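Here the structure is laid out as structure tokens; the discussion comes afterwards.
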Amino acid sequence: MRFGIHMPQKGGFARNVKRAVEIGCQTLQVFVGNPTSWNPPLPKPEELVQRGELLREHSIFPLIVHTAYLVNLAAAKEEFYQKSRLLFRKTLQNACNLGSAYLVLHVGSHGGRGYKKGMELFISTLKEEMEDWPSSDIELLLENTAGGGTSMGGTFISIGNIIKALGDDAPLGLCLDTAHAWAAGYDFSTGEGLKKAMDELNEHVGLERVKAIHANDSATPRGSHRDRHAHLGEGYIGDEGFKEFFSYPWPENLPVILETPEIGSKWDAINLSKLHLYSGEPRVVKRGIEEDG
Ligand SMILES: [Zn+2]
Ligand SMILES: [Zn+2]
């Protein structure tokens, strides 16, 4: 497995990469532009290409881009739907310029129209987007949600249905968020619970489609359908729960990203060391950027 963080935006890209390398990140997830704005000022394409090169120089891979939270490809309101598609396309293009391997997208919200209608729109939209997918080097990863309210994608069955509808050759995988899965009701903190969750995942999605993990503890109880992240070991999943989760034979180079609170603080190194502890993977000490070359 390769461990990393969702990189903060404050403080500049190069400085944050330097810090990430110093605390031992092997992979990173980023936003491109402000994730809460429909029309964020964005770096120029050349700038994005340079950023991608900087990451490669420091053996940070794979790079993952997370779409803005505003994007809802199942939006009930036409205005939001059109804005979402526009921002999704822009983000996809920017992710390509960065040389990102994956673009993470939350399965949308049906906005009160009902699950069936919302899911139909989400699937038909993805079909259209994938007709002129910009590059075979980038894959879309659907992130499982906590499944609260009108949000879709809280179960592996629902994500499996989307993948089936788009076909085996679609550039599509799953980004498994542990806090969301927990809040959605999956219990992987015991041998029995883990087996049940993974049986469902294997049957409907397939382990080979799991391309990234978001490792977050959950500040809300299992089945609460509320999405609140906690530091590893400090939430309802806990140290023992994560040890069980990481005992599963996950693919060797699977990227594992922290989206824990206070990202950019001393907590990143603490949470990273927890990942090494749970997984038994040795900690690789990296050289800082200044010492490089
Ligand atoms: Zn997410
Ligand atoms: Zn996540």
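Small disclaimer: the values here were computed from a predicted structure and weren't measured.
- Under the 4.5 Å side-chain heavy-atom criterion for ILVMFWY residues, a single connected hydrophobic cluster contains both Val210 and Met198.
- Using a 4.5 Å heavy-atom cutoff, the side chains of Ile257 and Val104 are not in contact.
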Set out, in order, the CA-CA distance, both residues' side-chain angles and the distance that settles side-chain contact (heavy atoms from CB on, under 4.5 Å) for Ile213 and Met1, then state yes or no. CA-CA 10 Å; Ile213 288 178; Met1 302 183 120; 4.2 Å; yes
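- Side-chain polar atoms of Ser224 and Tyr236 form no donor-acceptor pair below 3.5 angstrom.
- Between Glu200 and Lys196 there is no salt bridge, since none of the side-chain N atoms of the basic residue sits less than 4.0 Å from a carboxylate O of the acidic one.
- Expressed to the nearest 0.5 Å, how far OG1 of Thr220 lies from CZ of Arg228 amounts to 7.0 Å.
- Side-chain atoms of Asn39 and Lys90 form a donor-acceptor pair, as typed in the model, at a separation below 3.5 Å.
- Summarising the geometry of His231 relative to Asp217, their closest heavy-atom pair is O-CB, 3.2 Å, with the distance given to 0.1 Å.
- When each of Val65, Thr67, Asn97 is checked for a side chain to side chain contact (heavy atoms under 4.5 Å, CB included) with Val32, only Val65 meets the rule.
- Between His6 and Phe31, the ring center distance clears the sub-6.0 Å criterion.
- Atom NZ of residue Lys274 and atom OG of residue Ser279 lie 13.0 Å apart, to the nearest 0.5 angstrom.
- Heavy atoms from other residues, nucleotides or ligands lying under 6.0 Å from CZ of Arg15 number 12 at most.
- Met119 has its side chain within reach of Ser158: a pair of non-hydrogen atoms, C-beta onward, lies under 4.5 Å apart.
- In the hydrophobic cluster analysis, where Ile, Leu, Val, Met, Phe, Trp and Tyr join through side-chain heavy atoms closer than 4.5 angstrom, Leu105 is grouped together with Leu166.
- At least one donor-acceptor pair under 3.5 Å links the side chain of His225 to the backbone N or O of Ala146.
- Rounded to the nearest 0.5 angstrom, Arg2 CZ and Leu275 CG are separated by 13.5 Å.
- Rounded to the nearest 0.5 Å, atoms CG (Leu55) and CG (Leu63) are 5.5 Å apart.
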Set out, in order, the CA-CA distance, both residues' side-chain angles and the distance that settles side-chain contact (heavy atoms from CB on, under 4.5 Å) for Leu121 and Arg113, then state yes or no. CA-CA 11 Å; Leu121 180 59; Arg113 274 180 316 170; 3.7 Å; yes
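- A donor-acceptor contact shorter than 3.5 Å links the side chain of Trp250 to the backbone of Phe245.
- Look at Lys116 and Glu120 and you find a salt bridge, because one of the NZ, NE, NH1 or NH2 atoms lies within 4.0 Å of a carboxylate O, short of that distance.
- The residue from Arg85, Glu78, Lys77 that alone fulfils the side chain to side chain donor-acceptor pair (under 3.5 Å) condition with Tyr81 is Arg85.
- Scanning both residues, Thr27 and Pro62, for their nearest heavy atoms gives OG1-O, 2.6 Å.
- You'll find the side chain of Thr260 stays beyond 4.5 Å of the side chain of His229, heavy atoms only.
- Rounding to the nearest 0.5 angstrom, the gap separating the CD atom in Glu139 from the OG atom in Ser100 is 11.0 Å.
- Minimum interatomic distance between His110 and Gly118 (heavy atoms only, all atoms of both residues): CB-CA, 3.7 Å.
- Counting only distance, with no hydrogens or angles, the side chain of Asn16 and the backbone of Pro8 share a donor-acceptor pair below 3.5 Å.
- Looking at Ser218, its side chain never comes within 3.5 Å of a backbone N or O of Trp182 through a donor-acceptor pair.
- Between Glu192 and Lys195 there is no salt bridge, since no side-chain nitrogen of the basic residue lies less than 4.0 Å from a carboxylate oxygen of the acidic one.
- Criterion: ILVMFWY side-chain heavy atoms under 4.5 Å apart, direct or through other members. Under it, Ile64 and Leu48 are not part of a common hydrophobic cluster.
- Side chain of Trp133 to backbone of Ile138: a donor-acceptor contact under 3.5 angstrom is found.
- In plain terms, the two heavy atoms of Leu258 and Asn271 that are nearest each other are CD1-CB, 3.5 Å.
- By the 4.5 Å heavy-atom criterion applied to side chains, His204 and Ile163 are not counted as neighbours.
- Ser151 places no side-chain N or O within donor-acceptor distance of the main-chain N or O of Ser109, the cut-off being under 3.5 Å.
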Taking it one step at a time, do Asp268 and Arg19 satisfy side-chain contact (heavy atoms from CB on, under 4.5 Å)? CA-CA 10 Å; Asp268 296 349; Arg19 177 181 169 272; 2.9 Å; yes
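- Judged by distance alone, with hydrogens and angles left aside, the side-chain atoms of Asp177 form no donor-acceptor pair with the main-chain N or O of Asn144 at under 3.5 Å.
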Derivation of the side-chain contact (heavy atoms from CB on, under 4.5 Å) call for Phe188 and Tyr248: CA-CA 10 Å; Phe188 38 74; Tyr248 192 79; over 6 Å; no
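- A donor-acceptor pair is defined here as one N or O able to donate and one able to accept, closer than 3.5 Å; no such pair exists between the side chain of Ser189 and the backbone of Gly241.
- A salt bridge is defined here as a Lys NZ or Arg NE, NH1 or NH2 lying under 4.0 Å from an Asp or Glu carboxylate O, and Lys127 with Glu131 fails to meet this definition.
- Panel note: side chain Arg209, backbone Leu172; a donor-acceptor pair is recorded below 3.5 Å.
- Counting heavy atoms from C-beta outward, Val107 and Phe122 have side chains that approach closer than 4.5 Å.
- The two residues Pro134 and Leu92 come nearest to each other via the heavy atoms CD-CD2, 3.5 Å.
- In the hydrophobic clustering of ILVMFWY residues, with side-chain heavy atoms under 4.5 Å counting as a link, Leu98 and Leu42 come out together.
- A ring-centre distance under 6.0 Å is not found for Phe3 and Tyr278.
- Annotation: side chain of Cys25 is in contact with side chain of Leu272 (closest heavy-atom distance under 4.5 Å).
- When the side-chain hydrogen bond (donor to acceptor under 3.5 Å, both in side chains) test is applied to Gln9, no partner is found at least two apart in sequence or on another chain.
- Taken from CG in Leu176 to CG in Leu142, the straight-line distance is 12.5 Å, to the nearest 0.5 Å.
- There is no path of hydrophobic side-chain contacts, each under 4.5 Å, that joins Phe156 to Leu141.
- Counting heavy atoms from C-beta on, the side chains of Glu281 and Phe246 never come closer than 4.5 Å.
- A donor-acceptor pair shorter than 3.5 Å can be found between the side chains of His214 and Glu259.
- Side-chain polar atoms of Gln50 and Glu46 form no donor-acceptor pair below 3.5 angstrom.
- The backbone N or O of Glu262 lies less than 3.5 Å from a partner atom in the side chain of Ser265, making a donor-acceptor pair.
- Using a 4.5 Å cut-off on side-chain heavy atoms (C-beta onward), Tyr186 and Thr178 make no contact.
- Heavy atoms only, all atoms of each residue included: Ala68 and Leu87 are closest at CB-CD2, 3.9 Å.
- Not a single side-chain hydrogen bond (donor to acceptor under 3.5 Å, both in side chains) links Glu208 to another residue, sequence neighbours left out.
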